[in-house]
There are 2 protein chains.
Amino acid sequence: MRKVVERQTGVALWRQIADRIRLAISNGDYDAAGMVPPETVLAGEFGVNRHTVRSALAALADEGLVRRVQGRGTMIERKERVSYPISRRTRFSQGLGRQVKEIGTRLLGHAELKAFGEIATSLGIAPGDPVIELRTVSSGDGRPLSVSSSYYPAARFPRMAQEFEQLHSVTKAFAAHGLDDYVRVSTEIVARHADGDELSMLKLSAGAIVLETHSINADLDGKPVEYSRSCFAADRMKLKIET
Amino acid sequence: MRKVVERQTGVALWRQIADRIRLAISNGDYDAAGMVPPETVLAGEFGVNRHTVRSALAALADEGLVRRVQGRGTMIERKERVSYPISRRTRFSQGLGRQVKEIGTRLLGHAELKAFGEIATSLGIAPGDPVIELRTVSSGDGRPLSVSSSYYPAARFPRMAQEFEQLHSVTKAFAAHGLDDYVRVSTEIVARHADGDELSMLKLSAGAIVLETHSINADLDGKPVEYSRSCFAADRMKLKIET
DNA sequence: TACACTTGTCTAGATCAATAGACATTTGAG
DNA sequence: CTCAAATGTCTATTGATCTAGACAAGTGTA
């Protein structure tokens with residue numbers, strides 16, 4: 001089967017091929033052998049030189065997705081993307097469940113600032129009203145999965161940063177402010193290339209793709225309590241919507 | 001503000017910059033002036049040569065997103081991404097609503113084949129059971145937005161292809177088989193670079209990103225009636241999940 | 001008109017991406 | 001052991017990408 005790659009697109013052939021092989025691995029296309037086809041075969045399928053395939057495989061090996069052994073071939077080390085569920089009851093740590101052994105959310109920083117534009121309208125507050133911003137990075141089994149900036153109305157949740165720092169959980173920090181339950185009301189998703197900051201924070205092999213979500217959580221009366229912008233490493237994660 | 005771009009990543013600088021400007025436009029960052037900053041300013045912000053910025057703007061002009069006028073500057077022509085809503089009642093044509101004036105879904109082809117792997121498990125049928133495949137491309141105001149392959153159990157919906165060809169609607173084709181209502185039960189989302197076929201069918205400036213969704217629709221008893229794989233042009237669409 | 005500012009075009013050189021071919025090294029099977 | 005098959009390394013060459021600088025041409029304002 002001939003697999004098409006495009007030239008002169010601003011995306012190097014080796015990166016296109018790396019993306020395709022990564023997808024094929026997570027689709028289980030190579031499960032029978034447990035390894036990626038030989039370089040010469042791949043070069044034939046994609047219609048490129050063997051060295052170009054080697055660059056692609058080097059990138060995948062760098063990500064820890066495959067392991068290359070001289071004389072044997074290229075073995076698949078890790079298959080699945082982590083599936084991040086999005087539902088009315090989305091809670092970050094619960095959703096990943098058994099997919100990763102150990103989950104960590106690290107607070108990068110926090111600030112109090114005035115809300116404008118999308119932040120104010122999403123939270124349903126007046127422009128200029130104070131909000132608490134939390135910037136976090138979350139990882140599973142040591143690999144960073146997402147970076148987020150979350151915003152909370154300062155009038156209602158004044159101690160958000162301190163509570164989160166102590167409790168390491170948004171749900172518990174809400175509870176400390178007397179909010180026992182909340183639901184996800186909307187999530188918007190776009191895909192784009194990662195920028196420099198995201199590359200370093202997510203430890204991505206640069207040029208990678210991120211899934212950016214803008215989400216709103218509200219209390220049971222429908223009043224927004226959190227507006228959040230998250231970037232997920234697209235080649236490690238998929239989003240699963242349950243409706 | 002210094003905006004970071006990464007070198008030697010397999011993604012050309014002009015493409016990274018085009019992605020960032022496209023995002024800034026759709027975020028409304030340039031709404032005050034209604035135009036993109038001058039090339040020299042952008043070159044300074046991104047830390048690259050003016051010619052590199054010109055390549056990025058040329059790509060955006062090619063997409064019809066901006067219009068460049070010598071002496072004046074680079075005007076923004078089109079801002080918003082089309083927002084595709086995903087909910088329990090997801091219907092393709094209804095959701096786009098007022099965002100596009102004219103919606104078209106064209107049948108590329110259909111086939112009857114045996115279901116295996118993800119198709120069979122998603123539809124809850126035995127491996128080898130027959131399914132009807134419909135391949136379609138959907139566009140809004142003449143611009144292609146998505147390509148899809150959808151699968152239906154042939155035992156229950158034997159005339160799916162013919163009905164769809166006549167009625168131009170999955171919902172109506174279901175109704176013709178006696179199914180009056182159905183709901184979306186799950187949607188999985190990944191992001192990746194488009195392959196050659198997708199580039200030509202979606203008329204993308206090559207190297208672009210697609211959002212790939214795998215979705216399951218079921219009847220009111222919970223029995224799956226459709227399994228669908230869709231690819232959305234990521235720089236023209238966002239997905240909006242309502243929960 | 002004169003001028004500042006913007007995009008358009010051209011040339012030249014440096015760096016990166018991809019091709020081509022040759023050969024070494026390791027592994028597993030016979 | 002021998003050999004086929006796979007990955008590793010090297011050199012050389014071509015084409016794409018990016019930088020650098022200079023100047024042309026169009027737009028709007030004073």
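Order of the sequence lines fixes the chain letters, A, B, ..., with proteins taken first and strands second; residue numbering starts at 1 for each chain.
In this structure, A:Thr74 reaches the sugar-phosphate backbone alone: every heavy-atom distance under 4.0 Å involves primed, P, OP1 or OP2 atoms, never a base.
In this entry the distance linking CZ of A:Arg54 with P of C:dA20 reads 17 Å, nearest Å. At whole-Å resolution of the value, CD in A:Glu39 and P in C:dA20 are 16 Å apart. If you take CZ of B:Arg15 and P of C:dA17, they are 16 Å apart, rounded to a whole angstrom. Between the CZ atom of B:Arg68 and the P atom of D:dT27 there is a distance of 15 Å, given to the nearest Å.
Side chain to side chain, A:Ser148 and A:Ser230 meet the donor-acceptor criterion of an N or O pair below 3.5 Å.
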side-chain contact (heavy atoms from CB on, under 4.5 Å) assessment of A:Thr74 paired with A:Leu60: CA-CA 10 Å; A:Thr74 303; A:Leu60 295 178; over 6 Å; no
Stepwise salt bridge (charged side-chain N to carboxylate O under 4.0 Å, His left out) check, A:Asp235 with A:Arg22: CA-CA 8 Å; A:Asp235 51 21; A:Arg22 192 191 295 108; 3.4 Å; yes
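OP1 or OP2 of D:dT19 sits under 4.0 Å from a side-chain N or O of B:Thr52.
Salt-bridge check for B:Glu133 with B:Arg229: failed, with every basic side-chain N at 4.0 Å or more from each acidic carboxylate O.
Looking at A:Glu212 and B:Leu23, their side chains come closer than 4.5 Å, going by heavy atoms from C-beta outward.
Closest contact between the side chain of A:Leu13 and the listed nucleotides C:dT19, D:dC18, C:dT7 involves C:dT19.
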Nucleotide-resolved protein contact map, nucleotides 22-30 of chain C, B/S/- at heavy-atom distance under 4.0 Å: --BBBBS--
